[in-house]
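One structure is given here, and the rest of the page talks about it.
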Amino acid sequence: MLDIKFIRQNTELVRRKMLERGQEMDMSPFLNLDTRRRDILQEVEGLRSDRNTVSKDIGEKKKKKEDASEQIARMGEVSARIKSLDDELKKVEEDLNAMVMVIPNLPHDSVVYGTSSEDNPVIRVWGEKPQFSFAPKPHWDIGEDLKILDFERGAKITGARFTVYMGLGAMLERAIINFMLDLHIFDHGYTEVLAPFMVNRESMTATGQLPKFEADLFRVDQVDYFLIPTAEVPVTNIHRDEILSEKELPIHYVSYSPCFRAEAGSYGKDTRGLIRQHQFNKVEMVKFSRPETSYDELEKLTANAEDVLQRLNIPYRTVSLCTADLGFSSAKTYDVEAWLPGQDAYREISSCSNFEDFQSRRAAIRFRREDTGKLDFVHTLNGSGLAAGRTVVAVLENYQQADGSVVIPEALRPYMKGIDRIPAIG
RNA sequence: GGAGAGAUGGCUGAGUGGUCGAAAGCGAUCGCCUGCUAAGCGAUUGUACGCCGUAAAGGUGUACCGCGGGUUCAAAUCCCGCUCUCUCCGCCA
């Protein structure tokens with residue numbers, strides 16, 4: 001969330017930045033509530049101060065067996081007034097909070113203005129697209145032909161947008177996950193985390209999924225828990241309500257998790273194959289950084305995600321999301337898009353964001369500065385490194401052969417017991 | 001799922017209605033002393049929000065003793081509900 005004081009003092013800037021995101025915002029309800037809140041506070045705290053003084057006096061009079069009934073009666077009235085002001089204050093703060101919690105983050109000044117994903121500037125293009133002597137197939141055909149992906153049975157077992165991986169397909173996904181984890185742990189310096197796949201409402205609120213996007217989440221019926229849409233949620237919440245020491249920053253975590261997304265509103269999009277599932281696997285990188293270095297950390301984070309594709313020798317490009325395409329909590333995001341020859345398109349395989357203090361303010365994740373001794377919010381960042389299912393897609397489509405088989409990228413073979421190819425059937 | 005115990009400041013731990021933002025100890029920071037180290041002595045040692053201050057410094061008020069309600073002129077302290085932790089039993093990977 002944004003700092004209420006900041007909104008109060010920079011109302012016009014906030015309004016303009018929201019407009020850049022494509023969201024018109026009337027700031028006056030916010031300002032009115034904020035003013036009312038401070039008015040109430042001043043009155044109620046004045047009354048409390050008065051009551052504290054008089055109550056002490058009453059105590060002393062009673063000790064001396066003097067009469068205090070006049071003061072007791074007067075304080076009874078004051079307390080009644082405090083009570084009614086408290087009730088109003090609570091309501092005002094709830095309303096104010098509800099308003100602030102659904103305001104998205106301010107785009108960083110380097111984020112270009114745009115009205116759709118068409119406007120995302122391409123930052124880098126890497127790799128050579130493979131040339132085929134045949135028409136490259138989309139991964140859903142490859143997967144079915146090799147009997148490694150079973151969409152129909154996934155639908156039977158659960159429903160639409162669930163898939164069964166079989167044999168070397170299952171092994172390939174597992175190999176990719178382990179390869180990516182090892183790369184980030186041993187080459188990029190991240191600490192591995194395995195956190196809960198269900199979280200409570202507080203955690204979802206801290207990272208920004210709630211209260212605005214409940215419809216996108218799967219909720220557990222018996223308890224008020226949610227299936228995580230990304231490991232970002234449990235991993236960022238590791239340090240919720242904590243004060244970190246400046247020395248330990250930046251903190252780098254990497255975590256495997258399945259991800260569950262209701263994908264509300266996305267029906268009709270990407271209905272075929274593995275691209276848009278209700279459940280998928282992902283390796284996620286999460287960083288906690290000093291504010292001064294968070295944008296350097298974002299560049300490194302993105303480079304770490306790109307490194308996965310480079311080692312797999314899969315062509316990709318990196319785009320910077322424009323103001324309209326930026327996620328709710330993010331100040332700046334790079335999307336890494338893998339080349340998918342079967343679909344003749346680049347498709348998102350990683351999303352790397354700097355949330356600045358948007359999440360840490362919600363989550364109360366702070367650190368103590370060594371020079372001043374003051375507390376400050378950390379900056380949080382995260383990025384996929386990478387989405388495992390989509391990496392399977394990229395491998396299948398880029399490494400498909402004329403005979404229908406798929407070659408395993410060399411970097412994955414140690415994780416596949418040396419198997420170098422998924423053979424064609426028949 | 002059943003029974004019991006507990007939750008206080010960075011930590012340990014006292015505190016059963018007013019003099020408690022909270023004893024004491026530990027730790028930490030600063031200073032003094034000591035020709036190194038240790039010991040010793042003194043001081044300081046939370047956070048949030050509001051107001052004053054151009055700002056920083058600072059001052060001031062309020063709140064916070066797991067969370068939420070209640071009683072009372074007054075609650076860490078009394079009452080009710082909840083959450084979490086620990087121990088035992090049951091169940092289970």
Side-chain angles (χ1 to χ4, degrees), chain A residues 1-10 30-101 194-206 210 220-226 234 237-249 258 291 357 359-378:
Chain A
M1 64 190 237
L2 301 180
D3 183 8
I4 288 180
K5 208 184 293 176
F6 180 87
I7 304 175
R8 182 194 306 151
Q9 290 165 351
N10 301 275
F30 168 84
L31 294 174
N32 290 340
L33 278 176
D34 179 56
T35 304
R36 181 67 194 136
R37 172 176 171 270
R38 285 181 293 148
D39 287 347
I40 297 172
L41 268 182
Q42 285 200 52
E43 185 179 353
V44 81
E45 289 185 357
L47 291 174
R48 279 220 174 85
S49 175
D50 189 29
R51 185 178 70 183
N52 287 344
T53 315
V54 176
S55 286
K56 255 176 212 169
D57 197 35
I58 292 171
E60 281 174 26
K61 280 194 173 162
K62 289 212 156 187
K63 203 172 280 177
K64 291 189 231 152
K65 308 273 188 206
E66 290 174 22
D67 177 50
S69 56
E70 184 271 331
Q71 284 171 311
I72 288 176
R74 195 156 63 80
M75 286 307 105
E77 285 166 32
V78 168
S79 285
R81 175 68 182 150
I82 289 173
K83 175 104 172 63
S84 105
L85 284 171
D86 269 346
D87 290 345
E88 191 191 348
L89 181 64
K90 200 175 158 190
K91 178 80 175 72
V92 166
E93 288 188 332
E94 273 169 14
D95 291 350
L96 191 62
N97 195 249
M99 227 173 254
V100 172
M101 291 303 268
L194 190 58
F197 300 152
M198 283 189 239
V199 302
N200 59 30
R201 207 167 264 281
E202 289 69 43
S203 293
M204 282 293 187
T205 305
L210 291 178
V220 178
D221 222 23
Q222 301 95 316
V223 281
D224 198 29
Y225 294 163
F226 297 86
N237 275 280
I238 287 174
H239 294 301
R240 173 153 56 88
D241 296 321
E242 287 186 13
I243 294 168
L244 305 170
S245 76
E246 187 168 6
K247 268 199 277 287
E248 62 189 312
L249 298 176
D357 60 6
Q359 293 181 325
S360 60
R361 180 170 287 108
R362 287 172 168 244
I365 306 169
R366 295 173 295 176
F367 74 105
R368 194 174 294 282
R369 290 191 181 274
E370 285 187 354
D371 49 352
T372 60
K374 298 272 194 221
L375 292 177
D376 207 347
F377 290 107
V378 303

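Below, all heavy atoms of this structure are taken into account, side chains as well, without hydrogens, waters or symmetry copies. Naming convention: chains lettered A, B, ... in sequence-line order (proteins, then strands); numbering from 1 in each chain.
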So what's B:rG21 paired with, Watson-Crick or G-U wobble, going by both distances under 3.5 Å?
-> none
Nearest heavy-atom neighbours spanning A:I243 and A:R368 | CG2-N, 4.3 Å
Write down the distance between NZ (A:K63) and C1' (B:rG17), rounded to a whole number of angstrom.
-> 12 Å
Hunt down the Watson-Crick or G-U wobble partner of B:rC65, both distances under 3.5 Å, from any strand shown, or write none.
-> none
Among A:D34, A:I4, A:D95, which residue meets the side-chain contact (heavy atoms from CB on, under 4.5 Å) test with A:V100?
-> A:I4
Do we see a donor-acceptor contact under 3.5 Å between the side chains of A:S203 and A:N200?
-> yes
How close or far is atom P of B:rA74 from atom CD of A:E77, stated in whole angstroms?
-> 13 Å
Considering only the C1' atoms, how many Å lie between B:rG50 and B:rA39, rounded to the nearest integer?
-> 47 Å
In the strands shown, is B:rA39 matched to any nucleotide by a Watson-Crick or G-U wobble pair with both distances under 3.5 Å, and which?
-> none
Considering every strand shown, what is the Watson-Crick or G-U wobble mate of B:rC91 when both distances are under 3.5 Å?
-> none
Using both distances under 3.5 Å as the test, list the Watson-Crick or G-U wobble partner of B:rG50, or none.
-> B:rU60
Write down the distance separating the C1' atoms in B:rA28 and B:rG35, rounded off to the nearest Å.
-> 27 Å
Scan every strand shown for a Watson-Crick or G-U wobble partner of B:rU85, both distances under 3.5 Å, and answer none if you come up empty.
-> B:rA5
Mind checking who B:rU77 pairs with, Watson-Crick or G-U wobble, both distances under 3.5 Å?
-> none
Find the distance A:K62:NZ to B:rG18:P and express it as a whole number of Å.
-> 13 Å
What string of B, S and - do you get for nucleotides 48-63 of chain B 5' to 3' if you count protein non-hydrogen atoms under 4.0 Å?
-> SSSS-----S---BBS
If only side-chain N and O atoms of A:S69 are considered, is one of them under 4.0 Å from the OP1 or OP2 phosphate oxygen of B:rC73?
-> no
P atom, B:rG2 versus B:rC82: distance in rounded Å?
-> 12 Å
B:rA22 and B:rU85, which share atom name C1', separated by this distance in whole Å = 24 Å
Determine the Euclidean distance between corresponding C1' atoms of B:rA76 and B:rC67; express it in Å to zero decimal places.
-> 14 Å
Whole-Å C1' distance, B:rC26 and B:rG9 | 13 Å
When you compare B:rG6 with B:rG42, how far apart are their P atoms, in angstrom units rounded to a whole number?
-> 37 Å
Could you check whether A:K61 gets within reach of a base, just the sugar-phosphate, or nothing at all, counting any heavy atom under 4.0 Å?
-> nothing
Below 4.0 angstrom from OP1 or OP2 of B:rA28, is there any side-chain N or O of A:R368?
-> no
